[in-house]
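Heads up: numbering here begins at 1 and tracks the sequence.
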Amino acid sequence: MKLSADSAWAPLAARVFRALWIAQLVSNTGTWMQTVGAQWLLVGHSAALLTLVQTASSLPVVLLALPSGVLADRYDRRKVLLAAQIAMLAVSTALTVLAFQGALAPGVLLGLTFLLGCGTALMGPAWQAIQPELVEREQLGQAAALGAVNMNLARAVGPALGGAVVAAAGAGWVFAFNALSYLGIASVLLLWRAPATRQSATQGEGLLTAVQAGRRYVWHAPGVRRVLLRTVLFIPGGAALWSLLPLVASRSLGLGSDGYGLLLGVVGVGAVAGAFVLPAIRRRLGTNGTLAAGTSVFAVTLAVLATTRTPWLAAVALLPAGLAWIGVLSTLNAAVQQRLPGWVRGRGLAIYLVVFQGGQALTAPLWGTLADAVGLTTAMLIGAGILVGSALSVRQWPMHSTQGIDPSLSAHWPVPPLVFEPGPADGPVLVSVTYRVAQRNWAAFTDRMRHVARSRRRTGAVTWGLFQDGGDPDRFIENYLVSSWSEHLAQHQNRLTANDRRFEDDARGLLVEGTAPEITHAFDASAGSMVRAPGA
């Protein structure tokens, strides 16, 4: 059956996306089985030690996501993903061997979990960044939702299966399945031949320079910053559920590992079922309404889990939590991907993953410590209160609309007309653009140039200013400084987008009729090192 383009399942019509989605489902199932096994091995210890499993899984993203984002933008993303799969296969194999030998002390378990998290950190930006290479841009929202469905479908199967296996045969077997699960994604990646049209925008850049370029882009992209803010406001309260649910299962509900696995499975079932209704919910509530509703549902779930001692009531409360989780995460994820151009997509997504995973890593031990200090019930009620505040804040800090955003490459700047050829490291470069604007358009012109300013800073400018000539008020001079000639050439060749062009065209539409901007490029000559004769 052919799927309509706006169907929630439309991306599965793409062969490579479908194959990777299935392989990822198997791998995610293994990951959840391993998580249950690791957590249950520590469930007899303190709450703080137990919650360190989540920290060990998430902290590597905080430490390594930005360098991983540079790798995703600089090198073949398929090869980066393959390297991550092989590394995680090796670590999982070691975890399996030690488990069967009975040598998994808490410190060793957490250390190997941390190494698996390092593989996830290496994989994350590249995995997210290849999505536009697999599906049409219009389907990125559905692809993000299907990614969340994948994770939660695995959550529906993996924890229950993992809990049963741990109870019947021990944790070693769930670690073994997780090790084998990496082979599926590796096989698909080996067979996939990614399009060779993407040109790296980081070649020749040092690691710190490339990281700085990604940070600079995000800082001057208001839409991306707002997504990060919404993530920061949701994750601390959301992390309380995943951090404390093992304690709820064992202490409040008196369940074993299989019962804990079933509770996680209920969340997955709710998420998968929610995928069928999520498109309709988004159409009815919009992006911000979906975020507010999802966050509120999560708050109610925490409140119920904090007060109930009845397993079936806890399961009922967790069912809508699955829908809420997928609704919030797919909305945030799609919003980031729709805003990022190809040249910085890996680094931009890495920053998003740092905020998302870092929020979980940093808050998980805090929830465990809080539960030890004030009690499990009080800790979960505090988490619910934080989520209520997050839901209410959507009105104050809503998500920006993605309508009209086009991050596709636009090489509309001509080659700079110079009489000598600078070296790549020469700089800084002062770019000056002179405009003639009639008095009636002064206010509108300066207002539109605010968007141009953000464009310049996103793509490489370290300083920017707009000046009005005191002797000729119709003459406006835009000055911005770029750190090197190679940075400025990157602006010309592979950093500007269709949005950047639109901002420039909007401002230039207010110039005096028949005039065009005059552009000059000046180099630092204060030390005499850049003083050159024509043709030199």
Side-chain angles (χ1 to χ4, degrees), residues 69-70 72-74 129 197-225 339-348 351 405-435 448-467 476-508 516-524 530:
V70 174
D73 283 334
R74 175 173 289 178
T197 55
R198 184 177 61 85
Q199 180 180 2
S200 171
T202 65
Q203 293 294 343
E205 290 182 352
L207 175 63
L208 293 180
T209 301
V211 169
Q212 172 65 10
R215 184 210 62 79
R216 181 179 58 229
Y217 184 93
V218 169
W219 181 254
H220 295 290
V224 177
R225 289 206 318 270
R339 286 175 165 85
L340 292 171
W343 72 270
V344 75
R345 186 180 299 128
R347 283 163 285 180
I351 292 173
I405 290 179
D406 184 358
S408 60
L409 179 66
S410 177
H412 58 277
W413 282 6
V415 176
L418 304 181
V419 298
F420 62 82
E421 183 63 31
D426 287 344
V429 182
L430 176 64
V431 183
S432 297
V433 188
T434 303
Y435 308 91
R448 293 184 185 184
M449 287 297 290
R450 292 186 299 107
H451 297 287
V452 175
R454 282 197 288 265
S455 169
R456 307 289 198 235
R457 292 181 183 275
R458 280 196 298 267
T459 57
V462 293
T463 64
W464 183 92
L466 182 65
F467 305 89
F476 286 78
I477 306 164
E478 176 195 9
N479 285 332
Y480 62 94
L481 200 66
V482 186
S483 60
S484 68
W485 182 241
S486 62
E487 277 279 291
H488 184 56
L489 285 182
Q491 288 181 305
H492 277 265
Q493 296 166 357
N494 50 31
R495 290 188 179 178
L496 296 174
T497 67
N499 283 334
D500 298 318
R501 181 168 191 167
R502 176 166 58 86
F503 295 145
E504 291 181 22
D505 290 344
D506 286 346
R508 295 181 181 189
E518 298 176 6
I519 305 172
T520 63
H521 299 77
F523 296 82
D524 183 16
M530 279 299 301

Among all residues two or more places apart in sequence or in another chain, which pass the salt bridge (charged side-chain N to carboxylate O under 4.0 Å, His left out) test with R454? none

So do the side chains of R74 and R347 get within less than 4.5 Å of each other, counting heavy atoms only? no

Rounded to the nearest 0.5 Å, the CG atom of D505 sits from the CZ atom of R448 at a distance of 11.0 Å

Side chains of L418 and F523: does their closest heavy-atom pair fall under 4.5 Å? yes

Minimum heavy-atom distance P341-P407, with the two atoms named: CB-O, 3.4 Å

Ignoring hydrogens, what is the shortest heavy-atom contact between G223 and R339? Give both atom names and the distance. CA-NE, 3.4 Å

Can you find a pair of side-chain heavy atoms, one from W413 and one from R495, that are under 4.5 Å apart? no

ring-ring contact (aromatic ring centres under 6.0 Å, His included) filter on F503, not counting sequence neighbours, yields H451

Taking salt bridge (charged side-chain N to carboxylate O under 4.0 Å, His left out) as the definition, give me every residue that meets it alongside R502, ordered by chain and number, with sequence neighbours left out. none

Measure across S484 and P424 and return the closest heavy-atom pair with its distance rounded to 0.1 Å. CB-O, 3.7 Å

Would you check if the side chain of H220 reaches a backbone N or O of S455 as a donor-acceptor pair within less than 3.5 Å? no

With a 4.5 Å cut-off on side-chain heavy atoms, are W343 and L409 touching? no

Taking side chain to side chain contact (heavy atoms under 4.5 Å, CB included) as the definition, give me every residue that meets it alongside I519, ordered by chain and number, with sequence neighbours left out. V431, V433, H521

Which word best sums up how the rings of H492 and H488 line up, parallel for under 30°, tilted for 30 to 60°, or perpendicular for over 60°? perpendicular

According to side-chain hydrogen bond (donor to acceptor under 3.5 Å, both in side chains), who are the partners of Y435, at least two apart in sequence or on a separate chain? E478

The reported gap from CG in L496 to CZ in R456 (rounded to nearest 0.5 angstrom) is 8.0 Å

To the closest 0.5 Å, what do you measure between CG (D426) and CZ (F420)? 8.0 Å

Partners passing side-chain hydrogen bond (donor to acceptor under 3.5 Å, both in side chains) against R225 (at least two apart in sequence or in another chain): none

Taken to the nearest 0.5 Å, the spacing of N479 CG from T520 OG1 works out to 7.5 Å

Only counting residues at least two apart or in another chain, list the ones meeting side-chain hydrogen bond (donor to acceptor under 3.5 Å, both in side chains) with R216. E487

Please name all residues satisfying side chain to side chain contact (heavy atoms under 4.5 Å, CB included) with S408, sequence neighbours left out, ordered by chain then number. D406, A498

Only counting residues at least two apart or in another chain, list the ones meeting side chain to side chain contact (heavy atoms under 4.5 Å, CB included) with T463. L481

Run the salt bridge (charged side-chain N to carboxylate O under 4.0 Å, His left out) test against R458 and tell me which residues pass, sequence neighbours left out. D500

Can you list the steps and then say if Y217 with R345 is a side chain to side chain contact (heavy atoms under 4.5 Å, CB included)? CA-CA 10 Å; Y217 184 93; R345 186 180 299 128; over 6 Å; no

Can any side-chain N or O of D73 pair as donor or acceptor with the backbone N or O of G346 at less than 3.5 Å? yes

Heavy atoms of Y480 and A461 approach each other most closely as CD1-CB, 3.8 Å

Partners of Q212 by side-chain hydrogen bond (donor to acceptor under 3.5 Å, both in side chains), sequence neighbours excluded? R215

